[in-house]
Amino acid sequence: MKRLVRYVALAGTTLFGILFLFVALDVVSHYNYKHHRFSPFLRDETEEAVWITVGFVISVATYLYSVRTMRSK
């Protein structure tokens, strides 16, 4: 059971990490250098970015906790 939790946490960390990178690249690619501001439509995607970041942090914490509590055999 511990191994299953560890693998699920690792998969979640990988998935949320990739999604986090896509969101960060999306924000950077839509920056308006002429007016020194972000595009107005990015405000709608802020909630999605926050949830992806929260999911990433929780999955990393779960994975690190499961690695520390699981003894190497």
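Numbers here are sequence positions counted from 1. Because the structure is a prediction, the values reported are computed rather than measured.
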Which pairs would a plain distance check flag for residues 16-23, meaning a side-chain donor or acceptor within less than 3.5 Å of a matching protein atom at least two apart in sequence or in another chain?
none

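With rounding to the nearest 0.5 Å, the separation of CG in Leu64 from CZ in Arg6 is 10.5 Å. Here Leu10 contributes atom CG and Leu15 contributes atom CG; the two are 11.5 Å apart, rounded to the nearest 0.5 Å.
When all heavy atoms of Ser29 and Asp26 are compared, the pair lying nearest together is OG-O, 3.0 Å. Annotation for Thr62 and Ala9: closest pair CG2-CB, 3.9 Å, computed over non-hydrogen atoms.
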